[in-house]
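Before any comments, here is the structure.
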Amino acid sequence: MKTYSAVALTLALGLASPAFAQAPMDMSKHQADAKEADHTTGGGMAGVLGGYAMSREASGTSWQPDATMHMAEHTQRGNWLTMTHAMLNGVYDWQGGPRGDEKLFLSGMFMGSAQREIGNAGTLNLRAMLSPDPFMGKRGYPLLLAAGETADGKTLLTDRQHPHDLFMELSASYSRRLSTSDSVFVYAGLPGEPAFGPPAFMHRMSTMDSPEAPITHHWFDSTHINFGVITAGWTHENWKIEASGFKGREPDEGRYDIEAPKIDSASVRVSWNPTKRLALQTSWAHLTSPEQLDPTEDETRWSGSAIYTTPFGESGWWSTTLAVGGKDHHGDNLGAIALESAVHPNKKWTVFARAEGVETEELGGPGVQKVSKASIGAIRDFAVADNVTFGVGALVSRNWVSSDLAASYGGDKSGAMGFVRLKIGG
């Protein structure tokens with residue numbers, strides 16, 4: 001798939017190119033359907049899937065509260081409205097105990113999108129998202145209690161967070177307005193994100209400032225990189241119903257390529273934003289052979305989440321996410337829960353925290369083990385230029401394991417991360 005990778009990289013870089021498009025265009029018709037929005041919602045611009053505020057849109061086709069701060073640089077380039085956002089973390093990670101480790105690594109993402117009107121009622125959107133994760137190595141970074149994917153195609157990664165692929169999303173969507181209240185849409189990605197779960201963790205305001213991946217990742221949002229996704233949906237005012245066909249197999253250890261697409265799994269999601277500050281969703285998915293180390297096992301997952309975000313003061317905001325879910329694994333129903341929150345009182349500081357727990361069979365010990373984790377941290381940002389900041393932050397975490405795992409972990413161990421961040425947009 002090396003040829004696919006080269007074409008994809010050219011497309012991704014092209015979305016951010018100043019010469020992307022030249023023809024003039026009046027965007028007023030597209031923006032007229034947007035709901036009234038305050039300074040947090042991108043100036044009242046309409047979303048690409050319906051006539052609501054653009055700030056409602058998160059990763060894939062997922063929704064977040066309308067009151068979410070829209071973190072992107074906007075540029076009108078002829079017929080196209082382009083948006084860019086970038087975040088790069090340099091992290092020193094230390095995890096305690098006999099199963100811990102330490103590592104320096106880079107993480108983050110670069111996003112570019114371009115949208116335009118098609119006729120009188122259609123909207124086309126192209127999106128690319130790239131990650132520096134592959135450069136940290138196939139074994140990812142140390143993270144006690146995390147498990148998932150593989151570094152060598154033979155051994156499960158445990159107590160480590162796997163690196164994400166270089167190409168996290170290369171997608172296109174087309175929506176058509178049926179009325180001021182209704183739209184239909186289709187979304188396709190290689191890779192892309194099917195209709196399941198809340199927005200991926202690196203897009204949720206309640207946790208995006210933390211460089212630490214949640215241990216609930218493989219319950220709620222590990223499907224955010226799937227090599228072959230087709231989603232169709234309908235939006236009606238503050239409701240959205242959508243269904244996806246996608247490739248159930250998780251990405252392999254080759255992090256730089258684009259894998260062959262396959263549609264063998266399915267999901268459905270219902271989303272409702274009852275107010276500007278609240279986003280609710282419930283979803284279900286059946287994944288065919290998701291794990292390459294256990295190819296005969298299929299998996300069924302479900303999730304429900306609530307995201308509450310509110311602005312305050314001149315530039316402050318507070319965002320909290322509560323998510324619950326479960327998956328069938330080897331005949332066991334394994335549950336997960338996460339509560340995360342972040343407060344940004346001014347342009348300088350953000351404080352974030354997360355508490356989560358999972359039932360797992362992948363950390364050793366007999367049967368199903370219950371483990372949990374809590375972390376808290378903060379970052380101090382310094383303005384470098386308009387919409388460009390440099391930040392310095394740190395977090396500490398505490399892990400709790402079952403009695404069956406206590407000996408191998410050396411008890412309930414702690415971890416810590418120190419990091420610097422460059423952010424463009426937002």
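Here the structure is a predicted model, which is why all the values come from computation and not from measurement.
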- Query: Within 45° of the ring axis of F382 and under 6.0 Å from its six-membered ring centre, is that where the NZ or CZ of R380 lies?
  - Reply: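 Here R380 passes the 6.0 Å and 45° test against F382.
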
- Checking K240 against W63: charged group under 6.0 Å from the ring centre and within 45 degrees of the axis?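 Yes; both conditions hold, so K240 lies above the ring face of W63.
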
- Query: Should we count CH2 of W318 as having more than 12 external heavy atoms under 6.0 Å?
  - Reply: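 No, not enclosed.
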
- Above 12 or not: heavy atoms from other molecules or residues under 6.0 Å from CZ of R398?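 Atom CZ in R398 is crowded, with more than 12 foreign heavy atoms closer than 6.0 Å.
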
- Message: Quick check on the 6.0 Å ring-centre criterion: do W284 and W302 meet it?
- Response: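 No, they do not, as the ring centres are separated by 6.0 Å or more.
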
- Would H218 and H329 count as a close aromatic pair, with their ring centres under 6.0 Å?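 No, the ring centres sit 6.0 Å or more apart.
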
- With sequence neighbours excluded, what pairs up with W219 under the side chain to side chain donor-acceptor pair (under 3.5 Å) test?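 W219 satisfies side chain to side chain donor-acceptor pair (under 3.5 Å) with no residue once adjacent residues are dropped.
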
With a 3.5 Å cut-off and no angle check, do the side chains of [X] and [Y] form a donor-acceptor pair?
{"X": "E291", "Y": "T150", "value": "no"}
{"X": "S171", "Y": "R127", "value": "no"}
{"X": "E57", "Y": "Y52", "value": "yes"}
{"X": "S206", "Y": "S319", "value": "no"}
{"X": "S113", "Y": "Q115", "value": "no"}
{"X": "S271", "Y": "Q281", "value": "no"}

Nearest non-hydrogen partners of [X] and [Y], listed with the distance:
{"X": "T350", "Y": "A342", "result": "CG2-CB, 4.5 Å"}
{"X": "S183", "Y": "W234", "result": "O-CD1, 3.2 Å"}
{"X": "S397", "Y": "K373", "result": "OG-NZ, 4.0 Å"}
{"X": "S131", "Y": "G108", "result": "OG-O, 3.5 Å"}
{"X": "G415", "Y": "Q95", "result": "CA-NE2, 4.0 Å"}
{"X": "F220", "Y": "S303", "result": "CD2-CB, 4.3 Å"}

- Query: Going through the checks in order, is the salt bridge (Lys or Arg N to Asp or Glu O under 4.0 Å) test met by R301 and D328?
  - Reply: CA-CA 7 Å; R301 298 182 186 178; D328 293 327; over 6 Å; no

Nearest-0.5 Å distance that lies between atom [atom1] in [X] and atom [atom2] in [Y]:
{"X": "K413", "Y": "W400", "atom1": "NZ", "atom2": "CH2", "value": "14.0 Å"}
{"X": "S62", "Y": "R56", "atom1": "OG", "atom2": "CZ", "value": "12.0 Å"}
{"X": "T300", "Y": "L287", "atom1": "OG1", "atom2": "CG", "value": "8.0 Å"}

- Residue among R160, E102, M417, R99 satisfying side-chain contact (heavy atoms from CB on, under 4.5 Å) with P142: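 Only one option passes, and that is R160.
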
- Item | Student check: side-chain heavy atoms of I258 and L190 closer than 4.5 Å |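 A side-chain contact exists here, since the closest heavy-atom pair is under 4.5 Å.
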
- Task: Using a 4.5 Å cut-off on heavy atoms from C-beta on, say whether the side chain of F201 contacts that of T216.
- Result: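 No, their side chains stay 4.5 Å or more apart.
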
- Item | Lys/Arg N to Asp/Glu carboxylate O, E242 vs R269, below 4.0 Å |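 Here E242 pairs with R269 in a salt bridge, since their nearest N and O are under 4.0 Å apart.
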
- Query: With D133, which of R255, H162, H164 fulfils side-chain hydrogen bond (donor to acceptor under 3.5 Å, both in side chains)?
  - Reply: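 So, applying the side-chain hydrogen bond (donor to acceptor under 3.5 Å, both in side chains) to D133 and each of R255, H162, H164, only H164 qualifies.
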
